[in-house]
Amino acid sequence: MNYLWIILGVIFIALSIAAGLIWVERRLLSVWQDRLGPNRVGPFGLAQVIADTLKLFFKEDWVPPFSDKVVFTIAPGILMVTILLTFAVIPFGPEFCVFDSNIGVLFFLGNSSLGVYSIVLGGWASNNKYSLIGAMRASAQMLTYEVFMGLSLMGVVMMADTFSFSEIVEAQRGGWFILPQFLGFVVFFIAGIAETHRLPFDIPEAEGELIAGYHSEYSGMKFGMFFVGEYLGITLISAIIATMFFGGWLGPSFLPPVFWFLLKTFIFIGVFILLRASLPRPRYDQLMKLGWKLLFPIALLNLLVTGAILIFL
Amino acid sequence: MISILRSIWLTFLHIFHKRETVEYPEVKPYLAPRYRGRIVLTRDPDRNERCVACYLCAAVCPVDCISLQAATGEKGRRHPEFFRINFSRCIFCGFCEEACPTNAIQLIPDFEMGEYIRQNLVYEKEHLLISGEGKYHGYNFYKHAGVAMGVKGKGEGDTEYKPVDVKDLMP
Amino acid sequence: MEMKVVNIRIDGKPYEAHEGKSLLDTALSLGLYIPHFCYHPALGSVGACRLCAVKKFRDTNDTRGRIVMSCMEPVVDGLIVSINDPDAKAFRAAVIESLMTNHPHDCPVCDEGGECHLQDMTVMSGHNYRRFDFRKRTHNDQYLGPFISHEMNRCIQCYRCVRFYRDYAGGRDFNVFATHNNVFFGRHEDGTLQNEFSGNLVEVCPTGVFTDKTFREHYTRKWDLSNAPSVCVHCSVGCNIIAGERYDTLRRIMNRYNGAVNGYFICDRGRFGYEFVNGKDRILSPRTRDSRDLEQAEMPADQVFTALEPLFSKDRKIMGIGSPRASLESNYALLRLVGEENFFHGISGKEQSLTRAALQFMQNSGIVVPSLKQVEKADAVIILGEDLTNTAPMMALAVRQAARNIQITEALAKGIPFWNDLPVRELAQDRKSPVYIATPVKDSLDDVAERSFRGTPAGISKLGFNISSVIKRQAIVPGDNDDEIRNLAEQIARTLLKAENPLVIAGITCLDGNVLNAGMSIASSLLSLNKKVMFIPVLPESNSMGLALMPGKSLDDAADTLSVQGTDTLIILENDLFRRADEDTVANMFGKSGRVVVLDYLNNPTARAADILLPATAFAESQGTIVNNEGRAQRYYKVLAAGEGIKESWQWLNQVSGIRSDNVPVSPGHFDDIVASMVTALPVFSAIKEYIPDADFRMLNAKVPRQTFRYSGRTAMNAHRAVSEKRVRQDPDSPLAFSMEGRRESPPSSLVPFYWTPGWNSVQAFYNYIDHPNGSMKGGDPGIRLIRQAERVNSGSFEMITGYFESEGDGWLIVPLYRVFGSEELSSAASSLRQLVDDPAILVNRRDAERLNVDDGDSVRLETSGKRLVVKVKIENSLVSGVAGLTVNLPGMNFVDLPASGEILKI
């Protein structure tokens with residue numbers, strides 16, 4: 001019974017954060033752009049979330065006649081499923097974890113790789129040249145950044161000597177891994193942005209050139225799933241950062257551990273949005289160059305140094 | 001690298017800046033007299049319609065939302081028989097005002113013209129014509145034109161000689 | 001005129017040009033647009049406005065050059081000029097600036113605005129800011145009649161108007177007055193312009209001095225008009241016109257260039273007669289009545305076919321009467337519905353046999369049937385019995401130009417270029433190429449005629465046959481030939497024999513077989529001497545020739561057939577029978593018909609007598625092909641949307657044919673299907689299908705747009721009815737679209753809906769559509785000749801039928817006199833033109849009037865073949881004694897079978 005509550009609690013938290021982010025992002029962006037943002041619907045415009053969701057539900061769910069209809073319908077679901085599954089291995093607090101897997105980190109990396117399918121299939125099934133270009137960019141970008149996203153986490157894994165998220169958190173009781181694994185953090189953070197294709201790395205959807213990239217043809221709740229999937233992705237990456245580098249749910253005991261975990265997660269969500277507000281989009285080739293020529297060597301170097309220190313000291 | 005961090009930091013500092021948003025409709029913004037809002041047809045200083053139905057506004061309209069028909073009134077004066085603007089199409093670009101050779105058509109700072117029924121956005125001449133001169137005072141096209149259409153006779157303008165006497169032999 | 005091709009350089013680029021042409025003309029044909037005012041291709045060059053200045057260089061070493069007027073500069077081998085030279089440009093800018101010093105600030109209220117040659121030239125020459133600070137000269141305007149508005153302030157003294165009106169069209173009541181800055185163009189006093197071509201002043205004037213008054217009543221800028229190529233339906237010449245529409249009314253008619261037919265001009269009947277389309281006489285809904293003593297009542301559109309069904313069922317006997325003013329397609333649809341044996345032409349037997357005789361002569365004799373352009377080139381013309389100015393005005397204008405040919409020949413002999421207008425005219429003075437006119441009454445062309453002969457139709461034909469005899473060196477026609485006829489015949493015969501390009505014009509509108517025979521006799525005797533000779537008849541109506549090419553009997557036959565056997569259903573296509581037969585005959589015909597179905601658009605007496613009246617479309621609302629007097633088939637296209645329930649005649653007839661079980665309608669019933677069916681049934685028309693583009697024609701996958709790219713008000717013009725916009729009107733019948741979208745540049749010449757070239761908004765934009773000034777349209781002139789010159793000469797012989805309509809004893813010979821305004825049915829319903837229609841009158845000479853003891857304006861009673869008619873007397877001294885001319889078919893007149901002998905009695 002308790003187990004069921006945990007599952008429901010995690011799904012509820014993940015989805016409500018993702019939905020709430022619709023409002024949070026717009027408000028935060030307006031804060032950094034000297035505007036007010038949505039403040040009309042409900043107190044502080046909070047009911048904007050409900051309004052937007054309702055609108056998405058009632059929009060015509062149009063499937064283009066020229067599309068591959070089955071794949072077109074499945075694609076957004078894949079994204080939602082893979083990301084939501086990953087939340088199962090994230091410890092929101094001690095004992096507050098759906099499935100405290102001993103290979104949690106690998107499970108996360110594997111699932112995030114599967115997310116590429118959603119975008120490639122969505123873009124392909126749309127049968128639209130912009131969607132296809134967006135999907136191809138996404139696949140290249142995500143495969144590239146996946147390589148050293150994994151590598152950048154290996155430092156932490158080596159230091160904690162485990163693939164389990166709970167044990168990694170426990171391993172940080174003596175000090176957060178942000179200090180010894182700073183390079184790993186930087187690489188993971190950047191790779192995380194690219195993996196969720198958030199601005200400034202939103203090259204697959206780049207509205208200036210590709211209209212809306214891989215989801216140009218999507219509307220109604222199918223679009224909504226891509227939309228929520230993106231926010232879920234942000235939340236997931238932020239949660240992983242908090243867990244891997246900032247001690248997860250660890251914190252002073254006057255507040256429950258779940259609070260600390262969520263606080264840390266929210267800070268990184270805020271940073272994601274700040275990046276959107278401040279940085280321009282690079283060119284596609286610049287993105288690939290940055291990945292392969294800078295971040296990949298750094299990740300390897302970090303791994304080498306960490307390994308050396310662990311062995312020889 | 002530094003510049004990226006710097007721009008992130010500078011953006012972050014905008015938290016402490018003043019908001020630029022004006023909360024219309026609680027706060028009414030100041031609109032300059034040349035603001036391009038609702039379109040009106042004005043009258044000349046003698047309170048006659050300024051519009052001479054030259055069709056230039058209709059021609060220049062990028063969304064083709066102006067339609068009119070010229071008619072000849074008493075003493076040959078040109079005026080529009082009907083003058084229709086479909087505001088559901090209008091983009092308030094102000095080209096019509098620029099094209100108007102008689103200052104008849106003018107855009108004014110009133111922009112609150114929303115309707116629930118789209119048909120109500122079709123304005124006819126009686127909805128457009130105001131009783132004043134609008135932004136530009138004192139201009140009467142017929143005082144400057146060469147035609148005699150009831151405002152001044154042939155050759156009575158400030159910049160005109162009296163009509164030629166064709167039968168006069170003097171050089 | 002054969003011209004040598006030489007090499008010239010313009011702005012450093014080599015071009016080939018024809019030696020002897022003017023440089024301006026050459027540049028315009030090369031697409032190099034030099035600004036100009038006073039030059040008009042039809043009027044030649046006078047070098048008055050100084051705007052077409054270019055720089056001419058002596059040779060390649062000459063860097064300085066000198067400014068010359070391109071319109072006065074003949075092309076010679078090695079000519080080097082520059083149009084874009086800075087000095088020439090500055091010169092032109094200065095000229096336009098000084099021309100503009102007196103031009104008023106009128107453009108917003110000026111009807112020429114937007115299609116103004118002055119606006120175009122001002123922009124082209126780069127003048128955009130007024131530096132001249134002094135006052136403007138002004139003029140008082142004149143009343144010039146119901147057609148033309150006058151606004152002299154706008155004049156820039158280019159002299160085009162007088163040169164057209166006086167020199168080209170032969171008008172006398174218009175001139176230039178006063179001197180220097182005060183120059184005034186107008187009449188000596190207020191009054192209607194007398195010339196039948198005054199409407200062309202609107203197009204000739206480069207600015208807004210002369211504008212179309214009828215257009216002013218519903219004024220629309222040129223860019224807002226939706227246009228379609230059309231053909232004038234007001235006489236048999238078939239001038240090409242552009243019809244313009246806005247807000248579902250026909251707004252105006254402009255000339256459409258056709259190098260072979262009307263060139264740059266049309267007559268006032270064609271230009272201003274269009275108002276009947278918008279008039280209140282239109283039939284707007286189906287009407288019916290149950291019996292003849294009831295009034296017609298409106299019939300709901302959905303009941304029309306229920307009502308028609310019993311009338312056209314298979315067991316019913318039906319008879320159809322066609323019309324010379326309906327298109328070929330409509331006439332064919334009727335012929336197909338009723339069958340060939342029941343199809344009647346709707347013209348009198350006399351008219352039909354005359355038209356067919358002329359047609360046969362044109363088809364079989366090997367004669368050259370000239371286009372109007374060729375008429376202009378004739379060097380000797382004889383007109384027999386045809387008052388051209390009133391029956392085919394544009395042909396009169398062409399003959400007037402033909403009379404000038406000697407001037408051009410003489411000028412060329414003296415080394416003066418033919419286009420150099422003033423010297424050419426000065427050199428020739430009053431000398432004219434020979435034009436002989438033989439008509440019953442004085443003619444507007446008399447001023448260019450070498451000799452005018454006045455006589456009865458019999459006298460005219462006697463003259464004709466005598467000419468023919470002299471040519472063939474045969475004995476003079478026996479009979480009471482006086483010396484005058486004999487001498488004149490010899491003179492004319494000598495002239496015709498001497499001429500290289502003689503032309504015989506013989507009318508059938510005087511409705512006398514001998515006159516036509518005489519004309520054909522002259523032509524065939526010239527032909528038998530192996531001379532190149534041209535012959536052209538003038539026919540009564542726009543599609544008379546087309547109808548003559550179809551099988552079918554005459555209206556007289558119809559009356560006979562009806563009186564013998566009667567019919568169940570009589571269907572009449574666009575034809576007012578009361579204009580063609582007397583009242584009793586028509587009433588008798590209707591009496592013998594069970595039900596009378598009439599298709600028409602004007603509410604004429606025949607339409608009022610119908611049992612079922614179906615609303616048809618006027619020319620501007622329909623598509624159709626008509627054949628002009630030279631046998632040229634030309635197509636007009638829809639420009640207006642016909643009202644609810646109104647259909648084109650061929651559509652009605654094709655649908656009705658579905659009722660008869662032995663007759664399947666042409667399917668799917670588009671225009672092209674009717675044409676295809678017609679061509680199969682009547683192969684004489686096969687060229688139509690071959691040469692006139694059908695509805696499938698596309699340019700780069702698009703139809704030709706009827707609207708200009710500047711067309712305005714699209715989203716507002718119907719917004720008062722419903723704010724959501726309807727789909728644009730589709731036109732499955734034609735290659736034109738009711739749209740702004742599509743290709744505008746150079747459509748096929750028969751599909752040019754309007755003239756426009758970037759920078760050229762005025763009618764002068766025609767330069768882009770014609771091969772070279774005065775040449776043919778690019779891709780050949782519109783229309784296709786259905787009558788080909790016979791290969792073998794087969795001159796045949798024509799004999800005079802004696803004793804035919806001679807004036808006998810005390811009786812009078814009444815001859816028909818046509819009026820350019822009034823004698824034609826459709827244009828008489830145009831409100832502006834109606835103002836110029838004279839009252840019906842009988843014309844007699846002064847001596848005869850005194851004999852009758854009547855004076856100008858007195859009423860007399862005319863009795864002829866049992867008919868009585870009261871008309872006013874008008875004194876016309878050119879008539880010979882014993883002959884009275886009765887105006888024909890003026891509104892309010894009853895039909896009189898003319899020519900006829902009769903009595904005139906004073907009352």
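Chain letters run A, B, ... following the sequence lines, proteins first, then strands; residues in each count from 1. From a predicted model like this one, the values you see are computed outputs, not experimental measurements.
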Discussion item. Using side-chain heavy atoms (C-beta onward) and a distance below 4.5 Å, is His144(B) in contact with His105(C)?
Written reply: yes
Discussion item. Side chains of Val109(C) and Phe141(B), heavy atoms from C-beta outward: is any pair under 4.5 Å?
Written reply: yes
Response to the item:
Closest non-hydrogen atoms of Ser67(B) and Met717(C), given as atom of the first, atom of the second and distance, are OG-CA, 3.5 Å
Worksheet item: Would you find more than 12 non-hydrogen atoms of other residues, nucleotides or ligands less than 6.0 Å from Glu74(B) atom CD?
Response: no
Worksheet item: If you draw a 6.0 Å radius around CD in Glu741(C), do more than 12 non-hydrogen atoms from other residues or ligands fall strictly inside?
Response: no
Worksheet item: Checking Arg154(C) against chain B: side chain, backbone, both or neither under 4.5 Å from a heavy atom?
Response: side chain
Worksheet item: Given side chains that start at C-beta, do those of Val63(B) and Arg714(C) come closer than 4.5 Å, heavy atoms only?
Response: no
Worksheet entry | Neighbour count above 12 (heavy atom, 6.0 Å) for Phe95(B) CZ | no
Discussion item. Tell me whether the count of non-hydrogen atoms from other residues, nucleotides or ligands lying under 6.0 Å of CG in Asp133(C) goes above 12.
Written reply: no
Discussion item. If you apply the rule side chain to side chain contact (heavy atoms under 4.5 Å, CB included), what do you find for Arg221(C) with Cys54(B), and how did you get there?
Written reply: CA-CA 8 Å; Arg221(C) 295 276 178 215; Cys54(B) 70; 3.7 Å; yes
Item to complete: Name the region of Lys162(B), side chain, backbone, both or neither, that has any atom closer than 4.5 Å to a heavy atom of chain C.
Response: backbone
Worksheet item: With only heavy atoms counted, which part of Arg721(C) is less than 4.5 Å from chain B, the side chain, the backbone, both or neither?
Response: backbone
Worksheet item: Is there a side-chain contact between Val723(C) and Asn86(B), using heavy atoms and a 4.5 Å cut-off?
Response: yes
Worksheet item: Do side-chain atoms of Asn182(C) reach the backbone of Val164(B) as a donor and acceptor pair under 3.5 angstrom?
Response: no
Worksheet item: Shortest non-hydrogen contact from Thr715(C) to Cys65(B)?
Response: OG1-CA, 3.1 Å
Fill in: Greater than 12 external heavy atoms within 6.0 Å of Tyr24(B)'s OH
yes
Fill in: Close side-chain approach of Arg89(B) to Glu725(C), heavy-atom, < 4.5 Å
yes
Practice prompt. Please flag which part of His180(C) lies under 4.5 Å from any non-hydrogen atom of chain B: side chain, backbone, both or neither.
Written response: side chain
Practice prompt. Enter the distance from Ser712(C):OG to Leu68(B):CG here, rounded to the nearest 0.5 Å.
Written response: 7.0 Å
Worksheet item: Is the count of non-hydrogen atoms from other residues, nucleotides or ligands lying under 6.0 Å from Arg130(C) atom CZ greater than 12?
Response: yes
Discussion item. Quick one about Tyr219(C) and Thr72(B) (side-chain donor to acceptor, distance below 3.5 Å, no hydrogens or angles considered), yes or no?
Written reply: no
Worksheet item: For Tyr142(B), is it the side chain, the backbone, both or neither that has a heavy atom under 4.5 Å from a heavy atom of chain C?
Response: side chain
Fill in: Under 4.5 Å from a heavy atom of chain C, the part of Ala59(B) involved
both
Item to complete: Against chain B, label Tyr247(C) side chain, backbone, both or neither, depending on which of its atoms sit under 4.5 Å from a heavy atom there.
Response: side chain
Worksheet entry | Closest non-hydrogen atom pair between His139(C) and Pro163(B), with its separation | C-CB, 4.1 Å
Worksheet item: Tell me, do Tyr55(B) and Asp224(C) make a side-chain contact under 4.5 Å, heavy atoms counted?
Response: yes
Worksheet item: What part of Glu124(B) gets closer than 4.5 Å to chain C, counting heavy atoms only: side chain, backbone, both or neither?
Response: side chain
Worksheet, complete the sentence: When rounded to the nearest 0.5 Å, the distance separating CG of Asp158(B) from CZ of Arg135(C) is 8.0 Å
Fill in: Nearest-0.5 Å distance, CG of residue Asn153(C) to NZ of residue Lys154(B)
4.0 Å
Fill in: Atom pair CZ/CG of Phe177(C) and Asp168(B) - distance to nearest 0.5 Å
15.0 Å
Worksheet item: Taking Ile66(B), Val166(B), Val60(B), Val122(B) one by one, which has the highest count of heavy-atom pairs under 4.5 Å against chain C?
Response: Val166(B)
Discussion item. So Pro108(C) and Arg78(B), do their side chains get closer than 4.5 Å, heavy atoms only?
Written reply: no
Worksheet item: At a heavy-atom separation under 4.5 Å, does Asn102(C) approach chain B through its side chain, its backbone, both, or neither?
Response: neither
Item to complete: Report the option among Ala178(C), Gly713(C), Ser724(C) that has the most heavy-atom pairs separated by less than 4.5 Å from atoms of chain B.
Response: Gly713(C)
Discussion item. Counting only heavy atoms from other residues, nucleotides and ligands, does the tally under 6.0 Å from CD1 of Ile117(B) exceed 12?
Written reply: no
Worksheet item: How long is the gap from CD on Gln69(B) to NE2 on His218(C), to the nearest 0.5 Å?
Response: 8.5 Å
Discussion item. Counting neighbours of CZ on Arg6(B) that are heavy atoms of other residues, nucleotides or ligands and sit closer than 6.0 Å, is the number greater than 12?
Written reply: no
Worksheet item: Picking from Arg216(C), Arg710(C), Arg137(C), which has the most non-hydrogen pairs under 4.5 angstrom with chain B?
Response: Arg216(C)
